[in-house]
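Everything on this sheet refers to the single structure shown next.
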Amino acid sequence: MPELPEVETARAVIAEAALDREIAAVDDSDTWVCRPLPPGQIAAALVGRRLVAANRRGKTMWCDTSDDGPVLSLHLGMSGRIVVTDPDGHPVEGGDPVRGLSAVSPDRDPVWDRFTIEFADGGVLRLFDKRRLGRVGLDPDLTRLGPDAGQVRASDFRVRMSRGRAPVKARLLDQSVIAGVGNLLADETLWQARLDPHRRVDTLDRRDLDVLLRALRAATKRAIRRGGVHTGEVIAHRKPDGHCPRCGSPMARATVGGRTTWFCPVEQV
DNA sequence: CCATATGTTAAAAG
DNA sequence: ACTTTTAACATATG
């Protein structure tokens with residue numbers, strides 16, 4: 001489920017529940033998720049230290065470590081979640097208040113744990129990721145990430161968004177332009193802004209770009225507050241026979257930016 | 001078996 | 001050379 005809002009929730013969970021706890025052991029044996037580092041390298045870097053801060057830009061998280069240790073980077077990929085447990089093994093859930101993982105969820109099956117930190121107090125932090133597209137590493141390179149979608153300034157947004165002639169949705173999804181927007185948040189934002197996902201960025205005027213940024217900020221804040229991008233107004237209508245929740249027109253499906261795209265062909269122009 | 005999936009990125013195409 | 005699109009990645013699910 002991870003787009004910017006879900007990642008922010010995961011970051012907040014780490015910040016509130018995983019900091020300043022001594023790390024006793026680390027399982028970094030999944031060489032796909034932890035590539036290209038060899039097994040044991042992340043463990044060697046973390047054991048004996050503590051996480052001291054949890055940061056995020058777009059969908060990338062990183063944690064500073066004590067004693068001038070290296071930075072731990074975490075990316076949830078397409079299906080990753082962060083679970084932190086207290087010393088009694090009880091999960092400290094942030095995240096989706098409606099559909100959050102529960103202690104008895106089948107999603108708890110450890111076969112899908114791709115990376116685990118065991119704290120000296122008995123609790124753990126783990127990356128749970130069925131699809132295995134998440135990534136864990138050390139000292140991440142953030143230079144190829146644009147400014148966070150929730151913090152980018154209007155003037156910067158306009159310049160970055162309007163360069164070139166890609167479809168506006170493809171540009172929203174480009175993490176080097178704006179970091180954090182995924183497929184669902186892009187559809188929600190464009191629907192709120194009443195912009196056709198196909199619109200080439202060079203056809204957007206300043207008014208369009210300001211409307212788009214307002215929609216992006218609102219959709220992002222709302223998704224964080226309500227527990228995820230799937231709580232967006234139009235998301236439930238992204239399906240065959242779905243209808244625009246504003247005007248009732250049948251939703252249209254297309255591929256834009258390489259991703260399945262749903263939009264209202266009447267209102268989004 | 002086929003299609004689809006909330007992400008990233010190397011390779012190909014333009 | 002730079003920008004944009006496609007394909008592939010690993011895995012689960014309908």
Side-chain angles (χ1 to χ4, degrees), chain A residues 1-10 30-36 56-61 73-82 95-96 98-101 105-115 127-137 140-146 149 159-191 197-203 216 219-220 222-224 226-232 234-240 242 253-262:
Chain A
M1 316 190 59
E3 296 187 34
L4 188 158
E6 288 81 5
V7 180
E8 171 54 24
T9 298
D30 189 317
T31 56
W32 176 257
V33 168
C34 298
R35 73 188 185 284
R56 178 190 63 75
R57 185 151 135 213
K59 305 169 194 170
T60 297
M61 290 182 281
S73 69
L74 300 166
H75 195 294
L76 301 180
M78 190 99 80
S79 61
R81 294 169 181 249
I82 293 294
D96 188 333
V98 180
R99 309 176 43 204
L101 294 178
S105 166
D107 284 354
R108 177 79 352 115
D109 192 324
V111 295
W112 289 301
D113 287 348
R114 310 302 187 182
F115 175 78
L127 169 63
F128 174 91
D129 179 16
K130 285 186 176 181
R131 286 184 62 185
R132 219 178 173 201
L133 292 171
R135 294 289 291 274
V136 179
D141 171 22
L142 304 175
T143 60
R144 292 177 0 183
L145 274 187
V159 171
R160 289 171 168 275
M161 283 299 296
S162 55
R163 182 167 49 210
R165 51 200 66 197
V168 60
K169 178 173 176 180
R171 182 57 48 85
L172 277 175
L173 292 173
D174 186 336
Q175 304 299 299
S176 70
V177 175
I178 298 296
V181 181
N183 197 34
L184 298 184
L185 187 56
D187 277 5
E188 174 72 13
T189 296
L190 291 165
W191 180 79
H198 300 93
R199 274 284 291 281
R200 281 171 35 171
V201 293
D202 55 319
T203 71
L216 175 59
T220 300
R222 172 192 162 107
I224 292 172
R226 303 185 52 151
V229 289
H230 63 279
T231 63
V234 83
I235 302 306
H237 307 280
R238 296 173 78 262
K239 61 183 182 186
R253 191 181 87 146
T255 296
V256 184
R259 313 289 286 168
T260 297
T261 299
W262 292 87

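Chain letters run A, B, ... following the sequence lines, proteins first and then strands; every chain starts at 1.
- Counting to the nearest Å, the P atom of B/dG7 and the CG atom of A/Asp129 are 12 Å from each other.
- Whole-Å rounding puts the A/Arg81 CZ to B/dG7 P distance at 14 Å.
- The side chain of A/Trp32 sits closest to C/dC9 out of B/dT6, C/dC9, C/dT5.
- Among the atoms of the strands shown, none is found under 4.0 Å from any heavy atom of A/Ser79.
- Here the closest non-hydrogen pair linking A/Gly80 and A/Pro2 is O-CG, 3.4 Å.
- A donor-acceptor contact shorter than 3.5 Å links the side chain of A/Ser79 to the backbone of A/Arg131.
- The distance between atom CZ of A/Arg35 and atom P of C/dC9, rounded to the nearest whole Å, is 12 Å.
- Listed for the A/Arg171 side chain is a donor-acceptor partner under 3.5 Å among the backbone atoms of A/Met161.
- At distances below 3.5 Å, not a single donor-acceptor pair connects side-chain atoms of A/Thr189 with backbone N or O atoms of A/Ala186.
- With A/Arg259 contributing its side chain and A/Leu184 its backbone, the two residues share no donor-acceptor pair below 3.5 Å.
- Spacing of P atoms, B/dA3 relative to C/dA7, comes out at 14 Å, to the nearest Å.
- At least one donor-acceptor pair closer than 3.5 Å links the side chain of A/Arg57 to the backbone N or O of A/Gly146.
- The closest donor-acceptor contact from the side chain of A/Asp129 to the backbone of A/Gly134 lies under 3.5 Å.
- The CG atom of A/Leu127 sits 13 Å away from the P atom of C/dT11 (whole-angstrom rounding).
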Parsed dot-bracket for DNA chain C after applying the Watson-Crick and G-U rules with both distances under 3.5 Å and | for other-strand partners is .||||||||.||||
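- As rounded to the nearest Å, B/dA11 and C/dA10 have P atoms that lie 15 Å from one another.
- Between A/Leu145 and A/Ala179, the shortest heavy-atom distance links the atoms CD2-CB, 4.0 Å.
- Rounded to whole Å, the P atom of B/dT4 lies 15 Å from the corresponding atom of C/dT6.
- Taking atom NZ of residue A/Lys130 and atom P of nucleotide C/dA12, one finds them 8 Å apart after rounding to whole Å.
- The residue among A/Ala170 and A/Arg132 whose nearest nucleotide of DNA chain C lies closer to the 5′ end is A/Ala170.
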Does the protein touch nucleotides 8-14 of chain B at the base, only the backbone, or not at all? Give it as B, S and - per nucleotide, heavy atoms under 4.0 Å. SS-----
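- Here the closest non-hydrogen pair linking A/Thr260 and A/Asp187 is O-OD2, 4.1 Å.
- In this entry the distance linking CZ of A/Phe128 with C1' of C/dA12 reads 11 Å, nearest Å.
- In the interface, the side chain of A/Arg131 is paired with the base of C/dA10 through a donor and an acceptor atom under 3.5 Å apart.
- The separation between A/Asp30 atom CG and C/dT11 atom P is 8 Å, rounded to whole Å.
- Summarising the geometry, the separation between CG on A/Leu184 and P on B/dG7 is reported as 7 Å, rounded to the nearest angstrom.
- Proximity of A/Arg171 to the phosphate of C/dT5: no side-chain N or O atom is located under 4.0 Å from OP1 or OP2.
- Residue contacts for A/Arg253: at a heavy-atom cut-off of 4.0 Å it reaches the sugar-phosphate backbone alone, with no base atom in range.
- Across B/dT6 and C/dT4, the matching P atoms stand 23 Å from one another, rounded to whole Å.
- Counting only heavy atoms from C-beta on, A/Val229 has its side chain closest to B/dT6 among B/dA5, B/dT6, C/dC9.
- Between A/Trp112 and the phosphate of C/dA12, there is a side-chain N or O to OP1/OP2 separation shorter than 4.0 Å.
- The only member of A/Asp30, A/Leu76, A/Asp113 that meets side chain to side chain contact (heavy atoms under 4.5 Å, CB included) when paired with A/Leu127 is A/Leu76.
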